[in-house]
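Values below: every heavy atom of this structure, side chains too, minus hydrogens, waters and symmetry copies. Numbers here are sequence positions counted from 1.
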Amino acid sequence: MQILKTPESAFSNISDFPYEPQYVQVTDTVSSELSMAYYQAGPTDGHPVVLLHGEPTWAYLYRKMIPILADAGFNVLAPDLIGFGRSDKPTRSSDYTYARHLIWVREWFNQVVKQPATLFCQDWGGLLGLRLVADMPERFCGVVAANTGLPTGDQKPSKAFTAWRRFSQDVPEFPTSDIIDKGTVTDLSDSVKAAYDAPFPDETYKVGARMFPLLVPTQPDSTDSQANRNAWQSLKQFNKPFMTAFSDSDPVTAGGDKFMQHTILGCKGIAHTTIKSGGHFLQEDKGEELAQVLISFIHNY
């Protein structure tokens with residue numbers, strides 16, 4: 001694979017994300033390796049909390065949650081998915097597949113997470129993280145799912161997602177920070193928008209971001225539909241605590257929380273929550289509140 005590496009200088013003006021990147025090598029599935037970045041905070045011997053971001057963000061999305069979780073004594077681990085943040089960015093659209101993203105995240109997880117963990121996942125963080133839970137349930141103590149899902153293509157996608165998918169392919173310049181801004185209830189400051197744009201100095205760095213919408217199974221015979229159906233059979237039997245914390249203002253994933261609550265065994269008896277005044281990127285709108293929700297969830301194990 002040919003790859004691009006965002007120069008570290010692109011991140012030099014970010015003042016509200018003080019975490020030093022660490023790196024692991026994951027297979028490119030062809031003949032070499034890719035460098036995958038992640039950030040760690042809190043005591044390394046604390047209970048691991050894994051925060052998985054989605055599209056088109058990076059671990060910066062969790063900057064409001066990380067210090068609260070770290071201060072509570074947790075070992076907080078937040079990777080940048082391949083194609084995002086400080087991680088390597090393959091340059092061809094064909095380099096990005098759902099299956100490869102799963103391989104990359106699984107290799108990162110197996111190298112970095114040494115004890116059973118709690119997963120917090122949103123957007124594509126759930127499309128990937130929930131597959132990990134399905135494949136390796138023994139590696140997780142609990143899950144909090146927020147504005148995410150595991151689509152099989154058996155249900156028609158929302159109009160909001162269909163519009164987003166079309167936009168992501170047709171727009172001449174992929175407006176990363178504007179997309180995130182439109183997915184929040186609050187308005188992002190110029191400095192926050194600059195931080196979301198930082199990983200992508202120009203359009204050549206955005207191939208992975210443009211590809212994610214195309215990788216979501218939207219038809220019953222989509223490439224990864226059957227694999228996700230198989231994953232649901234495992235998730236149905238996941239009997240460890242599983243909470244939904246969806247927001248009230250996200251047209252893309254609305255209703256997905258109810259499906260999980262009725263389907264996943266671990267959802268039974270859990271006090272699920274709805275995050276008020278939160279958009280799709282609810283970590284931006286209500287990050288501090290989400291951190292407290294996650295802390296209470298873990299303490300109730």
Side-chain angles (χ1 to χ4, degrees), residues 38 40-54 62 65-66 68-70 72-79 81 101-103 105-152 227-247 253 255-275 282-283 289-301:
Y38 72 99
Q40 189 279 333
T44 56
D45 60 350
H47 174 70
V49 175
V50 174
L51 308 174
L52 288 186
H53 74 84
Y62 286 104
M65 298 176 64
I66 290 173
I68 297 172
L69 296 169
F74 299 120
N75 178 18
V76 187
L77 300 162
L81 300 178
H101 272 294
L102 281 166
I103 290 169
V105 173
R106 184 180 292 109
E107 287 201 4
W108 171 82
F109 188 94
N110 285 335
Q111 291 183 63
V112 173
V113 185
K114 302 305 183 182
Q115 305 171 39
T118 297
L119 170 68
F120 183 97
C121 56
Q122 180 260 343
D123 191 86
W124 260 94
L127 274 77
L128 297 170
L130 295 179
R131 285 286 299 271
L132 293 187
V133 175
D135 292 345
M136 308 184 297
E138 73 284 356
R139 302 292 303 278
F140 295 91
C141 297
V143 178
V144 176
N147 292 357
T148 189
L150 192 63
T152 62
N228 279 5
R229 289 189 197 100
N230 295 342
W232 270 113
Q233 293 307 309
S234 176
L235 285 173
K236 288 178 181 178
Q237 303 305 315
F238 184 75
N239 62 358
K240 298 168 189 175
F242 192 114
M243 171 189 274
T244 61
F246 281 46
S247 67
T253 63
D257 51 345
K258 301 303 181 186
F259 179 79
M260 291 179 186
Q261 293 166 21
H262 293 146
T263 305
I264 299 171
L265 188 60
C267 285
K268 310 304 180 186
I270 298 295
H272 303 284
T273 188
T274 298
I275 304 300
L282 69 174
Q283 302 97 316
E289 179 180 336
L290 276 171
Q292 294 300 335
V293 166
L294 185 51
I295 290 169
S296 296
F297 172 73
I298 296 171
H299 285 166
N300 285 329
Y301 280 175

Kindly list each side-chain donor-acceptor pair under 3.5 angstrom involving residues 125-142, sequence neighbours excluded, with atom names and distances?
from   : atom 1 : to     : atom 2 : distance (Å)
Arg131 : NH1    : Asn228 : OD1    : 2.8
Asp135 : OD2    : Arg106 : NH2    : 2.7
Arg139 : NH1    : Asn110 : OD1    : 2.8
Arg139 : NH2    : Val113 : O      : 2.8

(request) Could you tell me which residues satisfy ring pair (Phe, Tyr, Trp, His ring centres under 6.0 Å) with His47, sequence neighbours excluded, listed by chain and number? (result) none

(request) Kindly compute the distance separating OH (Tyr301) from OG1 (Thr118), expressed to the nearest 0.5 Å. (result) 2.5 Å

(request) Indicate yes or no: at least one non-hydrogen side-chain atom of Tyr62 is less than 4.5 angstrom from one of Val76. (result) no

(request) Compare every heavy atom of Ala72 with every heavy atom of Ile295, then report the nearest pair and how far apart it is. (result) CD1-CB, 3.7 Å

(request) State the CD-CG distance between Gln292 and Leu69, to the nearest 0.5 angstrom. (result) 8.5 Å

(message) Main chain of Pro241, side chain of Lys268: is a donor-acceptor contact present, judged purely on distance under 3.5 Å?
(response) no

(request) Can you measure from NZ (Lys114) to CG (Asp45) and round to the nearest 0.5 angstrom? (result) 15.0 Å

(request) With sequence neighbours left out, write down each residue that passes side chain to side chain contact (heavy atoms under 4.5 Å, CB included) with Ser296, or none if nothing qualifies. (result) none

(request) Classify the angle between the aromatic ring planes of Phe74 and His299 as parallel (below 30°), tilted (30 to 60°) or perpendicular (above 60°). (result) tilted

(request) Kindly compute the distance separating CD1 (Ile264) from CD (Gln237), expressed to the nearest 0.5 Å. (result) 11.0 Å

(message) Using only atom types and a distance under 3.5 Å, with no angle test, would you say the side chain of Gln40 pairs donor to acceptor with the backbone of Gly42?
(response) yes

(message) Please report the interatomic distance CD1(Ile68) to CG(Leu294), rounded to the nearest 0.5 Å.
(response) 10.5 Å

(message) On a heavy-atom basis, which atom in Ala117 and which in Val50 lie closest, and how many Å separate them?
(response) CB-CG2, 4.1 Å

(message) Is any side-chain heavy atom of Phe297 closer than 4.5 Å to one of Thr273?
(response) no

(request) Taking all heavy atoms of Met260 and all of Thr148, pick out the closest pair and write down the distance. (result) CE-O, 3.7 Å

(request) Taking all heavy atoms of Thr274 and all of Ser247, pick out the closest pair and write down the distance. (result) CG2-C, 4.3 Å

(request) Would you name the heavy atoms of Leu81 and His53 that are closest together and state the gap between them? (result) N-NE2, 3.0 Å

(request) Could you grab the distance from atom CG of Leu119 to atom CG of Leu51, nearest 0.5 Å is fine? (result) 8.5 Å

(request) Could you tell me which non-hydrogen atom of Leu282 sits nearest to which non-hydrogen atom of Ala146, and how far apart they are? (result) CD2-CB, 4.0 Å

(request) Give the C-alpha distance, both sets of side-chain angles, the deciding distance and a yes or no for side-chain contact (heavy atoms from CB on, under 4.5 Å) between Phe259 and Trp232. (result) CA-CA 11 Å; Phe259 179 79; Trp232 270 113; 3.6 Å; yes

